[in-house]
Amino acid sequence: MVTASLLADTPAQISADYRSKATQALVGVNQTLERVVATITANLVKSGDTGSAEAITEQMKLKAAGEAVANPHPSVQALFAQYDGARVKALEPVQKSCIARISGLLSTSEGKKVDVVAKLGEIRAEIEAGKLPALPPKVPLKWTYHSTLENTRPMAQVQFHPDGSFEMTDTQPGKWKANSKGDQITITLKDKTQWKVKIEGDVATVERPDMGKRYLRVVKP
């Protein structure tokens, strides 16, 4: 059973699980951080210091993502130090579990592939640093690919993975990145070719430099 589990694991699954479980593990400490920061910034706004309030809010976002804050505002220096300690403690079990999965995958035949090893190295560095990049906006992850909107027969299957990787049947892999609203996506293929995707409900228009417009339809559960 253990061997079967390891063989079924992938870098994308480990990355997605780390982010999901780390987010859950940090709910309590992040809520405390936000609550105290809200009180501090409210007092600053009342005193007319809106600039400091805005700066602290941005610094809080960096802290919650696991990023370093070079010069924390004096009002939050002690708070940030306490948060760092609580954050490390909350993340430790998740980090140990995911790093064990990385080691397990590296011991399989799949883990001997150069691209898999490179990806696992990136994921391990992220985990060890305790970073938690913002998850992509809630974009549907599974789509079918079509030549026209009227043609409902799919030409290919499309997958946007939570770790930012892109896959499409009979097409080179790549990366995807959505805007803050989640209605526009840039796909960058392995050869650096870029596709622009505009999402409107359950359909999307793909602007390809080599073929013009193509279309996606959401795969319903």
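Heads up: numbering here begins at 1 and tracks the sequence. What you see below is based on every heavy atom in this structure, not just the backbone, and it leaves out hydrogens, waters and symmetry mates.
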How far does [atom1] of [X] sit from [atom2] of [Y], to the nearest 0.5 angstrom?
| X | Y | atom1 | atom2 | answer |
| --- | --- | --- | --- | --- |
| Trp176 | Leu189 | CH2 | CG | 15.0 Å |
| Gln31 | Leu26 | CD | CG | 11.0 Å |
| Ile185 | Ile199 | CD1 | CD1 | 4.0 Å |
| Glu167 | Lys142 | CD | NZ | 11.0 Å |
| Lys198 | Glu207 | NZ | CD | 11.0 Å |

Between [X] and [Y], is there shared hydrophobic-cluster membership here, with clusters defined by ILVMFWY side-chain heavy atoms closer than 4.5 Å?
| X | Y | answer |
| --- | --- | --- |
| Leu79 | Leu62 | yes |
| Tyr145 | Val203 | no |
| Met168 | Leu149 | no |
| Val218 | Val197 | yes |
| Met60 | Val76 | yes |

Heavy-atom neighbours of [X] [atom1] exceed 12 at 6.0 Å:
| X | atom1 | value |
| --- | --- | --- |
| Gln24 | CD | no |
| Asp115 | CG | yes |
| Lys192 | NZ | no |
| Asn71 | CG | no |

Taking the side chain from [X] and the backbone from [Y], do they hold a donor-acceptor pair closer than 3.5 Å?
| X | Y | value |
| --- | --- | --- |
| His146 | Asn151 | yes |
| Arg101 | Thr10 | no |
| Thr169 | Gln157 | yes |
| Thr39 | Arg35 | yes |
| Arg124 | Ser103 | no |
| Thr23 | Arg19 | yes |
| Asp9 | Leu105 | no |
| Ser47 | Leu44 | yes |

Can you see which heavy atom on [X] is nearest to which on [Y], and at what distance?
| X | Y | answer |
| --- | --- | --- |
| Ala53 | Val45 | CB-CG2, 3.8 Å |
| Leu106 | Gly111 | CD2-O, 3.7 Å |
| Ile14 | Cys98 | CG2-O, 4.1 Å |
| Lys63 | Arg87 | O-NE, 3.5 Å |
| Phe80 | Pro72 | CD2-CB, 3.8 Å |
| Ala22 | Val94 | N-CG1, 4.0 Å |

Q) Between Asp210 and Arg208, does at least one N-O distance fall below 4.0 Å, as a salt bridge requires? A) yes
Q) Should Glu110 and Lys113 count as an ion pair when the cut-off is N to O under 4.0 Å? A) yes
**Q.** Criterion side chain to side chain contact (heavy atoms under 4.5 Å, CB included) against Leu33, the qualifying member of Val29, Val37, Val36
**A.** Val37
Q. Any side-chain heavy-atom pair from Glu126 and Tyr18 closer than 4.5 angstrom?
A. yes
Q: Report the C-alpha distance between Lys175 and Ser165 in whole Å, list the side-chain angles of each, state the deciding distance to 0.1 Å, and finish with yes or no for side chain to side chain donor-acceptor pair (under 3.5 Å).
A: CA-CA 4 Å; Lys175 300 287 186 181; Ser165 58; 5.7 Å; no
**Q.** Phe166 ring center near Phe160 ring center (under 6.0 Å)
**A.** yes
